[in-house]
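Scroll down for the structure; my scribbles are underneath it.
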Amino acid sequence: MRDYTFEDMKMIERKNLGADVPLELFRAIRLIGLNQSLPAGGKGTTMTIGRQIGKSLPVSSVEELLQLIEDLKIGIPHIISRSEQGMHIAVDDCFCEGLPVQEGRMVCDLEGAIMEGALMKIYNKRVTAREVKCNVNGDERCEYELRF
């Protein structure tokens with residue numbers, strides 16, 4: 001049995017309901033199903049899942065990754081700073097925007113891990129992602145520090 005690929009995910013043949021699912025379902029899976037149901041808020045699980053998804057994305061440059069993140073409606077990313085040691089990426093219009101503020105809480109580790117996995121593939125080196133700002137925390141947008 002072979003593993004699924006990102007290209008397999010594009011094979012959608014739903015005649016009546018189409019390709020879209022509501023954001024509230026994604027939020028429910030992420031925040032109720034994983035974050036509230038697993039130890040440590042599910043962070044280990046979402047980081048592992050995100051890295052694997054990132055590695056499977058059909059991207060070969062940072063620009064392609066950022067465009068795909070927007071195309072998939074994960075959010076609207078842009079680079080705040082970039083160096084040989086890493087980059088700082090902001091994501092506007094993230095999935096969590098509009099949720100009730102809970103100071104001290106960061107919930108977008110999956111999105112950071114997706115970038116981490118994709119950048120590992122692009123640069124062929126170890127990358128670590130850390131969410132440093134989140135809408136849920138009361139921040140204006142979600143932001144990530146990615147270190148090479």
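Basis for what follows: all heavy atoms, side chains included, without hydrogens, waters or symmetry-related copies.
Hydrophobic cluster membership for M11: none, as no Ile, Leu, Val, Met, Phe, Trp or Tyr side chain comes under 4.5 Å of it. Members clustered with V21: L25, I29, by chain and number, using a 4.5 Å side-chain heavy-atom cutoff among hydrophobic residues. Y4 belongs to a hydrophobic cluster with M9, counting contacts under 4.5 Å between side-chain heavy atoms of Ile, Leu, Val, Met, Phe, Trp and Tyr, direct or through other members. Under a 4.5 Å side-chain heavy-atom cut-off, the cluster of Ile, Leu, Val, Met, Phe, Trp and Tyr residues that includes I76 has no other member.
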### Query
Between R126 and T128, does a side-chain contact (heavy atoms from CB on, under 4.5 Å) hold up when you go through it step by step?
CA-CA 7 Å; R126 177 124 171 92; T128 58; 3.8 Å; yes

### From CA spacing to verdict: side-chain contact (heavy atoms from CB on, under 4.5 Å), M87, V62
CA-CA 10 Å; M87 61 183 67; V62 173; 4.0 Å; yes

### Message
Run V101 and V136 through side-chain contact (heavy atoms from CB on, under 4.5 Å) and show every step you take.
### Response
CA-CA 5 Å; V101 170; V136 168; over 6 Å; no

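More than 12 heavy atoms of other residues, nucleotides or ligands lie within 6.0 Å of CG in D71, so this atom counts as buried by the packing criterion. By the neighbour-count criterion of 12 heavy atoms within 6.0 Å, atom NZ of K133 is sparsely surrounded, having that number or fewer from other residues, nucleotides or ligands.
Applying the side-chain hydrogen bond (donor to acceptor under 3.5 Å, both in side chains) criterion to R30, with sequence neighbours excluded, gives E111. Applying the side-chain hydrogen bond (donor to acceptor under 3.5 Å, both in side chains) criterion to Q102, with sequence neighbours excluded, gives R105. Partners of D109 under the side-chain hydrogen bond (donor to acceptor under 3.5 Å, both in side chains) rule, at least two apart in sequence or in another chain, are T46. Contacts of L31 classified as side chain to side chain contact (heavy atoms under 4.5 Å, CB included), with partners at least two apart in sequence or in another chain: N35, F95, L99, V107. R2 meets the side-chain hydrogen bond (donor to acceptor under 3.5 Å, both in side chains) test with D8; sequence neighbours excluded.
Going from atom CD1 of I69 over to atom CD1 of I74 covers 5.5 Å, rounded to the nearest 0.5 Å. Atom CE in M115 sits 13.0 Å away from atom CZ in R51 (nearest 0.5 Å). Distance check: L65 CG to I114 CD1 gives 9.5 Å after rounding to the nearest 0.5 Å. Atom OH in Y123 sits 10.0 Å away from atom CG in L146 (nearest 0.5 Å). Rounding to the nearest 0.5 Å gives a distance of 12.0 Å between OG1 of T45 and NZ of K43. Note that the CD1 atom of I80 and the CD1 atom of I89 stand 9.0 Å from one another [nearest 0.5 Å].
For residues 139-148, the side chain to side chain donor-acceptor pair (under 3.5 Å) pairs, not counting sequence neighbours, are H88-E143, R130-E145, N137-D139, R141-E143. Sequence neighbours left out, the pairs with a member in residues 81-95 that pass salt bridge (Lys or Arg N to Asp or Glu O under 4.0 Å) are E63-R82. Applying the side chain to side chain donor-acceptor pair (under 3.5 Å) test to every pair with at least one member in residues 16-25, sequence neighbours left out, gives no pairs at all.
Transitive grouping of hydrophobic side chains (ILVMFWY, heavy atoms separated by less than 4.5 Å) keeps V132 and F148 in distinct clusters. No single ILVMFWY cluster, assembled from side-chain heavy atoms under 4.5 Å apart, contains both V91 and M106. The cluster map of Ile, Leu, Val, Met, Phe, Trp and Tyr, joined by side-chain heavy atoms under 4.5 Å apart, puts L68 and L119 in the same cluster. The same ILVMFWY cluster, assembled from side-chain heavy atoms under 4.5 Å apart, contains both M120 and I79. Hydrophobic clustering, with ILVMFWY side chains joined whenever heavy atoms are under 4.5 angstrom apart, groups F26 together with L72.
Q52 contributes no side-chain N or O that, together with a main-chain N or O of T48, makes up a donor-acceptor pair within less than 3.5 Å. A donor-acceptor distance shorter than 3.5 angstrom exists from the side chain of E131 to the backbone of C108, with no hydrogens or angles considered. At distances below 3.5 Å, not a single donor-acceptor pair connects side-chain atoms of T5 with backbone N or O atoms of S56.
A donor-acceptor contact under 3.5 angstrom links the side chains of Q85 and S83, judged on distance only.
Among all heavy-atom pairs drawn from L66 and P77, the shortest one is O-CG, 3.3 Å. Of all the heavy atoms in E116 and A129, the pair that sits closest is OE1-N, 2.7 Å. For A118 against V59, the heavy-atom pair with the smallest separation is CB-CG2, 4.3 Å.
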